[in-house]
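Note sheet for the following structure.
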Amino acid sequence: MGTISIEHGDHLYWLGRYTERVFTTLKALQKTFDKMIESEHGYTEYLSYFGLTDIYADNWDFIKSFLYDLNNYNSLAFSLERAYDNGIVLREEISTEALSFLQLAKDTLAKAQKAPNPRFALLPLEDLLYGFWGCVYENIYDDEIKNIIKCGKAVERLDLYMRMNYSYKKVKKEYTRLCKNLESIPENTPYRYNSFYYNELSDILDSSDEYKTDGQKAIISLGHIFDKTEVSA
C-alpha cells in the first residue's frame, strides 16, 4: 500500500470518472429523449445544467452531437474514448476482460449511430458498464488501487448530480459514499485528497439549507478535491 505515484493515481482516478460520466450521462439523456418526443427543442433544460448554449438545429442535431461527436467534450463518445484510453494504460491491473467491456461499449455506440432508433440500440450499453465494473472489482486485489477508481467514480456522480439539480437526499447519499472512499485512502500515499476543499465541501453538504445556498460553491470545491497544493483557511 502507499506505493502509487501521482501519474498512476491520475489514470486510476480518471478511469473512474469517465466511466461514471458515461453511465450517468446515458441515464440523463434517456430522460431527455422523453422530453424531445413532446418538443422540437426538448433538450434545452439539459444544456442549462452545464451552462451550454443551444446551437442545435433540432432534436436530432443535439442527439448526434451528445451521443457520437468525439469533438464534443460533453458527449458519450468523448467520455467513453477517454475511459478506454485510461483503461489501456491500466490493462494489467483491471484485466483484459474488463477492458473488453469498454471496447464492446464503444462498438455498441458506433452501431447505434447507424440504427433507426438509437435509444433502443443503446440499451445494452448500461449492462456493458455494469460488466466492466464487475470485472474491475473482481480482478483488482490491491484495495488502494480499487479505492482510487471508486473515488473517481463517486466524485463524477456527485458532480453530475449537483449540476443536474438532483434532490438533496440523493446528493447527500453520493456525498456519504465519497467520504467513505476518501477516508479509506492510506495517509502515506501521494494520491491524497485536499483537506481544505474536503472540509469546505463537507460544511456545505452537511445540511440541505447550506446546499441550497451554496450549491455552486460545493461544485467548485468538489472540482478541487484532489488539488495537490493545500490552501490555508
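Note that the structure is predicted; figures quoted are calculated from it, not measured. Sequential numbering from 1 along the given sequence is applied to the chain's residues.
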Between [X] and [Y], is any side-chain donor less than 3.5 angstrom from a side-chain acceptor?
X	Y	value
Ser65	Asn72	yes
His8	Glu93	yes
Tyr13	His11	no

Backbone N/O of [Y] and side chain of [X]: donor-acceptor pair under 3.5 Å:
X	Y	result
Asn181	Asn147	no
Asp159	Val155	no
Thr19	Gly16	yes
Tyr168	Ser207	yes
Asn194	Asp227	yes
Thr108	Leu125	no

>> Leu12 vs Leu15, test: side chain to side chain contact (heavy atoms under 4.5 Å, CB included). Steps then yes/no.
In response: CA-CA 5 Å; Leu12 294 166; Leu15 175 66; 5.5 Å; no
Count I, L, V, M, F, W, Y as connected when their side-chain heavy atoms are under 4.5 Å apart, and connections chain through other members. Are [X] and [Y] then in the same cluster?
X	Y	value
Tyr137	Val22	yes
Trp14	Ile88	yes
Trp60	Phe33	yes
Leu102	Val89	no
Phe50	Leu26	yes

Any side-chain heavy atom of [X] within less than 4.5 Å of one from [Y]?
X	Y	value
Tyr197	Leu222	no
Phe62	Lys64	no
Ile145	Leu90	no

Output the distance between atom [atom1] ([X]) and atom [atom2] ([Y]), rounded to the nearest 0.5 Å.
X	Y	atom1	atom2	result
Leu128	Leu109	CG	CG	11.0 Å
Leu160	Arg17	CG	CZ	8.0 Å
Lys217	Asp203	NZ	CG	8.5 Å
Ile185	Glu144	CD1	CD	8.0 Å
Glu156	Ser79	CD	OG	7.5 Å
Thr24	Leu29	OG1	CG	11.0 Å

> Of all residues at least two apart in sequence or in a different chain, which pass the side chain to side chain donor-acceptor pair (under 3.5 Å) check with Lys153?
Replying inline: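 Counting only residues at least two positions away or on another chain, Lys153 forms a side chain to side chain donor-acceptor pair (under 3.5 Å) with Glu20.
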Return yes when atom [atom1] of [X] has more than 12 non-hydrogen atoms of other residues, nucleotides or ligands closer than 6.0 Å, and no otherwise.
X	atom1	result
Gln30	CD	yes
Glu7	CD	no
Lys228	NZ	yes

At their closest point, which heavy atom of [X] faces which heavy atom of [Y], and how far apart are they?
X	Y	value
Glu40	Asn59	O-OD1, 2.5 Å
Thr32	Gly42	CG2-O, 3.9 Å
Ala98	Val136	CB-CG2, 4.1 Å
Pro118	Leu67	CB-CD1, 4.4 Å
Pro190	Ser5	CG-CA, 4.1 Å
Asn86	Arg82	ND2-O, 2.9 Å

>> My understanding is that only residues two or more places apart in sequence, or in another chain, count here; which of them pass side-chain contact (heavy atoms from CB on, under 4.5 Å) with Lys170?
In response: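 Per chain and number, Lys170 pairs via side-chain contact (heavy atoms from CB on, under 4.5 Å) with Tyr161, Tyr166, Ser167.
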>> Quick test of your reading: applying ring-ring contact (aromatic ring centres under 6.0 Å, His included), list the pairs with at least one residue in residues 95-130, sequence neighbours left out, ordered by first then second residue.
In response: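 Residue pairs with at least one partner in residues 95-130: Phe23-Tyr130.
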Taking salt bridge (charged side-chain N to carboxylate O under 4.0 Å, His left out) as the definition, give me every residue that meets it alongside [X], ordered by chain and number, with sequence neighbours left out.
X	result
Asp206	Lys172
Glu210	none
Asp34	Arg119

> Honestly, is Lys180 close enough over Tyr175, meaning NZ or CZ under 6.0 Å from the six-membered ring centre and within 45° of the axis?
Replying inline: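 No, Lys180 does not lie over the aromatic ring of Tyr175.
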>> Apply side chain to side chain contact (heavy atoms under 4.5 Å, CB included) to residues Ile149 and Trp133 and explain how you reach the verdict.
In response: CA-CA 10 Å; Ile149 298 176; Trp133 287 115; 3.5 Å; yes
>> If you apply the rule side chain to side chain contact (heavy atoms under 4.5 Å, CB included), what do you find for Glu138 with Glu97, and how did you get there?
In response: CA-CA 11 Å; Glu138 179 69 23; Glu97 185 181 7; over 6 Å; no
Can you classify the ring geometry of [X] versus [Y] as parallel (below 30°), tilted (30 to 60°) or perpendicular (above 60°)?
X	Y	answer
Tyr46	Tyr49	perpendicular
Tyr198	Tyr193	tilted
Tyr73	Phe78	tilted
Tyr191	Phe226	tilted

> Under the side chain to side chain contact (heavy atoms under 4.5 Å, CB included) criterion, do Cys135 and Ile94 qualify, and how do the steps go?
Replying inline: CA-CA 7 Å; Cys135 277; Ile94 68 172; over 6 Å; no
